[in-house]
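Please read the structure below before turning to the comments.
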Amino acid sequence: MKRFLSIVRSYFLGLYREEQLSDYFKDLIIKYSKSKEIEILDYGSGFNPDLILLLSKKLSDNNFKYHITCVDFYSKENLNELNKNYKQINFVDFKELPKDLNYNFVILSDVLHHVGVDSEETRKILNHLSSISKYIILKDHFEYSFLSRHILRFMDFIGNYKDGVNIPKNYFTEANYNHLLEELEIENIDAIENIKLYSKILIPFNFSRFQFINLLRKRSK
């Protein structure tokens, strides 16, 4: 089943999603970065670095000097393979991530709904990342109904089951998302909504209302 889903995803989706997202992320970084030398943390980066590789190339094309760290639950074997194959990026396990570093941008791309949108762990992650980075680029989903929730679950199944990633039971609503940011004193300073990440023929994947990108930062005291 996992191999079949991997073939289906590769054949029908390709890298179109990653190309679109890397453009959105690049544009936000260019817009808000005050320096051409930046530190980026990709939090919950997973095992397929296509998105971050595309982003790094686009930043290079715009004369940025960058240091990118990808962090996730990696074994020693995972780290050996990833760091060998992608030398321009630093892959580390969560427990080995230095606690005293600060970043210009943290990327949280389709991570929090797997952690749990109502979980204490999500609150801890957002609170911590907003304290060590100037900006968080957050990509996630909104659900609007029982139907939209299960469409999103189906999308997650196609995209993530092959990697052993849990399929969420629910996703952010606009109300609970805004309440979470208010609770954590995090402000949303830029928003990209109604994002189309897939070809028009790939319904239900192309329901743009479900997708959003926000640029977040800790509210000034």
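Side chains are part of it too, since the values below use all heavy atoms of this structure and drop only hydrogens, waters and symmetry mates.
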Considering only heavy atoms from C-beta outward, does the side chain of Ile189 approach that of Tyr135 to under 4.5 Å? yes
Could you give the distance from CD1 (Ile136) to CG (Asn188), rounded to the nearest 0.5 Å? 11.0 Å
Could you tell me whether a side-chain N or O of Ser133 sits under 3.5 Å from a main-chain N or O of Leu129, the two making a donor and an acceptor? no
Closest non-hydrogen atom pair, Ser33 against Ile38: OG-CG2, 3.3 Å
Side-chain heavy atoms of Leu112 within contact of Leu138, under 4.5 Å: yes
Flag the pair Asp42 / Leu55 as yes when at least one side-chain heavy-atom distance between them is below 4.5 Å, and no otherwise. no
So Asn170 and Asp118, do their side chains get closer than 4.5 Å, heavy atoms only? yes
Around Lys36, counting heavy atoms of other residues, nucleotides and ligands shown, do more than 12 lie under 6.0 Å from its NZ? yes
So, for Ser45 and Asp72, which heavy atoms are closest and what is the spacing to 0.1 Å? N-OD2, 3.3 Å
One pair to check against side-chain contact (heavy atoms from CB on, under 4.5 Å): Leu126 and Leu108. What are the steps and the verdict? CA-CA 9 Å; Leu126 275 176; Leu108 265 174; 4.0 Å; yes
Can Ile52 and Cys70 be said to form a side-chain contact (heavy atoms from CB on, under 4.5 Å), step by step? CA-CA 9 Å; Ile52 207 70; Cys70 290; 4.0 Å; yes
Determine, stepwise, if the pair Leu21 / Lys139 fulfils side-chain contact (heavy atoms from CB on, under 4.5 Å). CA-CA 9 Å; Leu21 281 179; Lys139 156 67 178 72; 4.0 Å; yes
Quick one: CG on Leu216 to NZ on Lys134, what's the gap to the nearest 0.5 Å? 13.5 Å
Is the Phe146 ring parallel, tilted or perpendicular to the His150 ring (thresholds 30°, 60°)? tilted
Does Leu54 offer a backbone N or O that forms a donor-acceptor pair with the side chain of Lys26 under 3.5 Å? no
Residues in side chain to side chain donor-acceptor pair (under 3.5 Å) contact with Asp140, at least two apart in sequence or another chain: His113
Under a 4.5 Å cut-off applied to non-hydrogen side-chain atoms, are Asp190 and Tyr32 in contact? yes
Once side chain to side chain donor-acceptor pair (under 3.5 Å) is applied, what residue pairs with a partner in residues 83-96 remain, sequence neighbours excluded? Asp93-Lys95
Charged N-O contact under 4.0 Å between Glu185 and Lys218: no
Test side chain to side chain contact (heavy atoms under 4.5 Å, CB included), reference Ile40, set Thr69, Val106, Ile29, output is Ile29
Sole candidate of Phe94, Phe47, Phe91 that passes ring pair (Phe, Tyr, Trp, His ring centres under 6.0 Å) when paired with Phe73: Phe94
Interatomic distance, OG@Ser56 vs CZ@Phe64, rounded to 0.5 Å, equals 13.0 Å
Is any side-chain heavy atom of Glu187 less than 4.5 Å from a side-chain heavy atom of Leu181? no
Within the structure provided, determine whether Thr122 and Leu180 are in side-chain contact (heavy-atom separation under 4.5 Å). yes
For residues Tyr171 and Leu152, report the shortest heavy-atom separation together with the two atoms involved. OH-O, 3.2 Å
To the nearest 0.5 Å, how far apart are CG in Asn127 and CD1 in Ile125? 11.0 Å
May I ask you to say whether Glu182 pairs ionically with Arg219, meaning some side-chain N is under 4.0 Å from a carboxylate O? yes
Quick one, Glu120 and Arg123 - any side-chain contact, counting heavy atoms below 4.5 Å? yes
So CD1 of Ile213 and CD1 of Ile137: to nearest 0.5 Å the spacing works out to 8.0 Å
For the pair Tyr66 (side chain) and Leu59 (backbone), establish whether a donor and an acceptor sit closer than 3.5 Å, ignoring hydrogens and angles. no
Is a side-chain N or O of Lys58 found less than 3.5 angstrom from the main chain of Asp27, in a donor-acceptor match? no
Enter the distance from Ser109:OG to Arg17:CZ here, rounded to the nearest 0.5 Å. 5.0 Å
Looking only at atom types and distance, does a side-chain atom of Asn48 sit under 3.5 Å from a main-chain N or O of Asp50, one as donor and one as acceptor? yes
Ser22 side-chain N/O to Leu51 backbone N/O, donor-acceptor pair under 3.5 Å: no
Using the ring of each side chain (for Trp, its six-membered ring), is Phe172 parallel, tilted or perpendicular to Tyr177, with breaks at 30° and 60°? perpendicular
